[in-house]
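The sequence lines fix the lettering, A, B, ..., with proteins before strands; numbering per chain opens at 1.
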2 protein chains.
Amino acid sequence: MSPYDPSAFPPFAVTVDLVVLTVRRHELCALVVRRGEAPFQGRWALPGGFVRADEDLAGAAARELAEETGLCAHDPATPELGGAHLEQLATYGAPDRDPRMRVVSVAHLVLAPDLPAPRAGGDAHGARWASVKDLLARETESFQEGDEQSGPLAFDHARILADGVERARSKIEYSSLATAFCTPEFTVGELRRVYEAVWGVALDPRNFHRKVTGTPGFLVPAGGTTTRQGGRPAQLFRAGGATLLNPPMLRPEI
Amino acid sequence: MSPYDPSAFPPFAVTVDLVVLTVRRHELCALVVRRGEAPFQGRWALPGGFVRADEDLAGAAARELAEETGLCAHDPATPELGGAHLEQLATYGAPDRDPRMRVVSVAHLVLAPDLPAPRAGGDAHGARWASVKDLLARETESFQEGDEQSGPLAFDHARILADGVERARSKIEYSSLATAFCTPEFTVGELRRVYEAVWGVALDPRNFHRKVTGTPGFLVPAGGTTTRQGGRPAQLFRAGGATLLNPPMLRPEI
DNA sequence: ACAAAAGTGTTTTGTCTACACCCATGT
DNA sequence: ACATGGGTGTAGACAAAACACTTTTGT
């Protein structure tokens with residue numbers, strides 16, 4: 001027979017979906033696009049698309065990210081895309097998750113600094129940043145039909161978003177990934193506000209400062225200072241080489 | 001047009017592969033099966049198979065696990081399968097990972113207590129437990145052709161195995177998953193030997209005892225004692241309800 | 001002068017480590 | 001008696017939380 005018997009397995013469509021997170025105005029936000037076609041036409045969804053025949057999963061994710069946000073695509077072998085971090089999140093493949101056909105979606109998580117307004121691209125009729133809190137609250141609350149802001153996310157995207165947020169919350173605890181939410185040069189206070197937004201807690205600025213500057217490899221001084229946050233000039237830092245934090249940042253109990 | 005245009009996306013085969021880990025004779029071991037057909041005929045591989053048209057990913061993993069090990073299949077919604085823990089690990093989809101066709105494999109991680117010799121099932125010509133250390137060492141070392149024990153794993157299974165082992169190593173740090181390697185009732189010393197085997201370190205028995213018995217919800221007394229390890233009778237425990245350990249177990253620096 | 005944010009010092013409190021020591025069984 | 005593993009007590013090292021205090025800017 002030919003290399004393999006195609007009747008031995010059912011054919012699947014494979015897509016990548018993106019959970020793109022950023023921190024804007026002290027709030028954790030996710031990128032959503034408005035669906036232009038059925039099913040879930042007009043509803044908000046996570047950006048994503050089909051994996052092509054000749055590309056790998058991370059490559060497909062990087063391509064979709066570039067198409068949806070204008071972030072330059074970089075070598076997918078390196079997890080940095082113009083300062084953004086890309087990693088695989090999880091795969092969703094319930095038989096009924098797409099009414100059209102059997103689709104397996106490999107979700108990816110992107111952590112990005114506060115970007116300019118996203119560029120609508122490809123098949124998405126519109127793209128915007130939305131507060132994660134709002135997006136997840138919509139799943140259970142009642143809402144007005146036709147309201148531009150409202151409605152639950154399409155498909156199982158609320159579940160995927162929740163998983164991505166949970167991953168981001170735990171990963172910044174024991175890795176230096178929180179710096180992926182910052183501009184290339186940032187202050188300790190800006191980094192603290194990232195933690196506060198992602199975790200939804202208030203942190204003691206004094207202890208936070210001591211902790212992050214005392215963790216070897218987390219931050220390296222960039223040399224300058226800035227007063228863009230007001231008050232006394234703050235030292236600028238860049239992300240250091242360390243990826244794993246030891247000891248980890250401690251998330252307050254709430 | 002019909003519900004969806006099949007020419008818009010390339011068809012994929014979707015499989016599940018299993019990293020089944022256990023602790024035997026103070027060593028971390030993985031389940032491997034001998035391949036009965038090309039490619040990689042005669043080589044060891046991770047158990048796995050095609051996802052069927054009507055089952056979800058966790059269901060396919062649970063079915064394959066039952067076929068390969070004889071572990072009774074339970075409700076995939078609950079992560080417990082006869083004392084074993086099942087979770088999704090990661091998805092592997094490089095275009096050339098299978099020479100026959102485009103295959104995306106959703107790897108799952110299973111942590112099981114020390115089982116009787118595995119039952120060969122389905123298309124696998126043989127199944128056995130192999131030391132993780134040996135399996136991963138084979139990837140770089142030279143080996144004798146034709147030796148029953150030798151040869152690197154098929155496909156990208158060494159990478160998948162390494163990822164699964166790394167996941168197990170970090171998860172037992174901050175969750176109570178180490179109990180999934182134990183029989184339903186176990187002693188503190190048996191649990192300690194699980195940590196020692198998975199991490200490849202020696203732990204202080206006195207401090208370990210204080211730590212695990214002092215972490216609320218980790219262990220609940222089962223009521224009896226045993227001398228199966230020799231020495232003074234040890235209290236028997238069951239896994240408690242807690243899944244996240246706070247504070248975590250601390251892995252020694254090396 | 002005052003508000004605002006950055007940074008430092010100090011005390012208290014808790015946890016990890018290392019190790020001395022005792023307990024209960026099998027041989 | 002002794003080896004083996006189970007379990008408790010305790011002193012020192014170390015890190016985190018809480019908070020008083022100083023520094024340096026903008027208005």
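Protein atom CZ of A/R210 is 12 Å distant from nucleotide atom C1' of C/dT11, rounded to whole Å. A/F208 places its CZ atom 12 Å from the P atom of C/dG7, with the value rounded to the nearest Å. Counting to the nearest Å, the P atom of C/dA18 and the CG atom of B/L250 are 12 Å from each other. The separation between A/L203 atom CG and C/dA5 atom C1' is 16 Å, rounded to whole Å.
Contacts of A/R193 classified as salt bridge (charged side-chain N to carboxylate O under 4.0 Å, His left out), with partners at least two apart in sequence or in another chain: none. Applying the side chain to side chain contact (heavy atoms under 4.5 Å, CB included) criterion to B/S131, with sequence neighbours excluded, gives B/E27, B/K133, B/D134. With sequence neighbours left out, A/R159 forms a side chain to side chain donor-acceptor pair (under 3.5 Å) with no residue at all. Legend: residues meeting salt bridge (charged side-chain N to carboxylate O under 4.0 Å, His left out) with B/R25, ordered by chain and number and at least two apart, are absent. Every side chain to side chain contact (heavy atoms under 4.5 Å, CB included) that A/T183 has, sequence neighbours left out, goes to A/F186, A/R228.
Heavy-atom contacts of chain A under 4.0 Å fall on DNA chain D between two terminal nucleotides, which in 5' to 3' order are D/dA16 to D/dT25.
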Identify all side-chain donor-acceptor contacts of residues 213-222 of chain B below 3.5 Å with residues at least two apart in sequence or on another chain.
from   : atom 1 : to     : atom 2 : distance (Å)
B/T213 : OG1    : B/H209 : O      : 2.6
B/T213 : OG1    : B/R210 : O      : 3.4
B/T215 : OG1    : B/K211 : O      : 2.8

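Proximity of residues 189-198 of chain B to DNA chain D (heavy atom under 4.0 angstrom from any strand atom) is restricted to B/G189, B/R192, B/R193.
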Distances under 3.5 Å only, N/O to N/O: pair up the protein atoms with those of nucleotides 21-24 of chain C.
from   : atom 1 : to     : atom 2 : distance (Å)
C/dC23 : O4'    : B/R232 : NH1    : 3.4
C/dC23 : O2     : B/R232 : NH1    : 3.2

Sub-3.5 Å pairs of nitrogen or oxygen atoms, protein against nucleotides 13-15 of chain C:
none

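Side-chain N or O atoms of A/T22 include one that pairs as donor or acceptor with a backbone N or O of A/P113 at under 3.5 Å. The main-chain N or O of A/A234 is never found under 3.5 Å from a side-chain atom of A/T225 such that the two would form a donor-acceptor pair.
Heavy-atom nearest nucleotides on DNA chain C were determined for B/N207 and for A/T187, and the one closer to the 5' end corresponds to A/T187.
When all heavy atoms are compared, the tightest approach of A/M249 to A/W199 is CB-CH2, 4.0 Å.
Every pair passing salt bridge (Lys or Arg N to Asp or Glu O under 4.0 Å) that includes a residue from residues 177-187 of chain A is listed here, sequence neighbours excluded: A/E185-A/R238.
Direction change of the helix axis from one end of the helix from C/dA1-D/dT27 to C/dT27-D/dA1 to the other is 0°, with five pairs defining each end axis (rounded to 10°).
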* I would like to know whether B/V20 and B/E68 meet side-chain contact (heavy atoms from CB on, under 4.5 Å); could you show each step before the answer? => CA-CA 10 Å; B/V20 188; B/E68 307 280 0; over 6 Å; no
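Screening B/L89, B/I160, B/L57 for a side-chain contact (heavy atoms from CB on, under 4.5 Å) with B/H108, the sole residue that qualifies is B/L57.
No donor-acceptor contact under 3.5 angstrom links the side chains of A/D17 and A/Y92, judged on distance only.
With salt bridges taken as basic N to acidic carboxylate O contacts below 4.0 Å, none links A/E173 and A/R169.
With contacts defined as side-chain heavy-atom distances shorter than 4.5 Å, the pair A/L18/A/L31 does not qualify.
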